Amino acid sequence: MVEATETSSDAAVLRAMAAAANQAPSGGNVQPWQLERTDGALRVLLDTSYAVSLDVAWRGSYVALGAAVWNARVEAAAHGRLGPVALLPEGPESRVAAEVRLDDDRDPALAALREAMWQRSTNRRAGDPAVRFDEGSAAALRAAAEAEAGRAAIVADRAGLQACGALLGASDRLRCLSPWLLDEMLSELRWPGREPVEVGLDVRTLELGRSDAAAMRLLRRSPAVRRLARPMVARTMRGMTRQALARSSALVAITRAGHEPRDYLQGGAAMQRVWVTAEQLGWAVQPVSPVALYAVDASDHRALVPARHTEALAETTAALRARLGLEPQERLQLLLRLAAAPEPSERSLRRPLEEVLSA
Ligand SMILES: Cc1cc2nc3c(=O)[nH]c(=O)nc-3n(C[C@H](O)[C@H](O)[C@H](O)COP(=O)(O)O)c2cc1C
């Protein structure tokens, strides 16, 4: 519990909740949120200025917002000021995704996650495959997902991880063979010292070798090189993803039934609780996004890859779902790769709170 002092006014608690929300993870670190402090509540709004194809119908953004709301709840709980949360209080068409009210509710289990919530980060380092995933961790992650009305489907056997690695590698290959997806992926990268790193992926967090980072930079700068190198880039990405899975201890799929914005907001909370709990247990965590993560039908698939690859995308997606043991109604919220790995070399930054929080 955070010690109550004279600074624990409503305004100070709401500001602390906003700071916590602003630390949430988001695809490409685009931070697709704005925050508003109202009388006794923090509002989390969807910011639609960063449109990317993978984020079909803003579903990935809602997952990020769900994580931000969860962070705000943890902070409120740690101050002993937890109140009710309204998801989409103005309906799904509104940009207001959630409202977290202050009250005097207690949730010691949530409050106990505060330090781990602040410590959380993406860790893209390779793991030690000799470290086996244990049943205690699996049970804790399942309980974490269920506490937020989600489900954690876990693959932790070597053969299963290899099969998922092959499918996720195939998916990354298709991502690189889609000219617009590759362009979007490269446009998320940021080189420190040359450009601001408060938004986007600071290349130092990608744990690439020097030559891979230089190759990425060349690819981003030159569309001609990109066109020529596309098949080679696709092969390399496939290999890297396979290797990452082969050096992991588990792959965790967070799912929920339904694909409305509310489901992804709730799914984001489940994802974040699983992530923070996994780190508390000592695991390094990296999200993995298969191309069709947020696609729910054939027209979504068609918007992702060129026509000649849509069949391969549908097959890969179906095979991955089968490997993860998902029921037809279950929608993927995110996949998390868990590994026994050292600390990440660099932590990613955020926009300053002043730019994000109003009132
Ligand atoms: C919906 C979503 C999708 C993501 N997809 C990926 C991914 O495919 N690969 C990856 O390495 N990180 C992925 N991330 C992690 C983000 O890049 C990361 O959260 C962001 O850069 C901020 O860094 P941090 O998590 O260390 O705070 C994803 C995160 C979210 C919320």
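Numbering of ligands and ligand atoms starts at 1, following listing order. Keep in mind it's a predicted model, so treat the numbers as computed, not measured.
Not close to ligand 1: Arg347, with no non-hydrogen atom less than 4.0 angstrom away.
Counting only non-hydrogen atoms, the option in Gly267, Ser61, Ser26 that gets closest to atom 16 (C) of ligand 1 is Ser26. Taking all heavy atoms of Pro287, Ser121, Gly27, Ala68 into account, the minimum distance to atom 13 (C) of ligand 1 is reached by Pro287. Distances from atom 12 (N) of ligand 1 to the heavy atoms of Glu207, Glu188, Arg124 show the closest one on Arg124. With atom 6 (C) of ligand 1 as the reference point, the heavy atom nearest to it among Ser289, Gly268, Pro344 is part of Ser289.
Residue Tyr294 has no N or O atom closer than 3.5 Å to an N or O atom of ligand 1. Backbone and side-chain nitrogen or oxygen atoms of Gln23 are examined, and none is located within less than 3.5 angstrom of a nitrogen or oxygen of ligand 1. Looking at Trp275 next to ligand 1, no N or O pair under 3.5 Å apart turns up. Checked against a 3.5 angstrom limit, the closest N/O atoms of Arg175 and ligand 1 fall outside it.
Contact annotation: the side chain of Ile154 never approaches that of Leu338 to less than 4.5 Å [non-hydrogen atoms, C-beta and beyond].
Using a cut-off of 4.0 Å between Lys/Arg side-chain N and Asp/Glu carboxylate O, Glu346 and Arg124 are scored as not salt-bridged. Salt-bridge check for Arg151 with Glu327: failed, with every basic side-chain N at 4.0 Å or more from each acidic carboxylate O.
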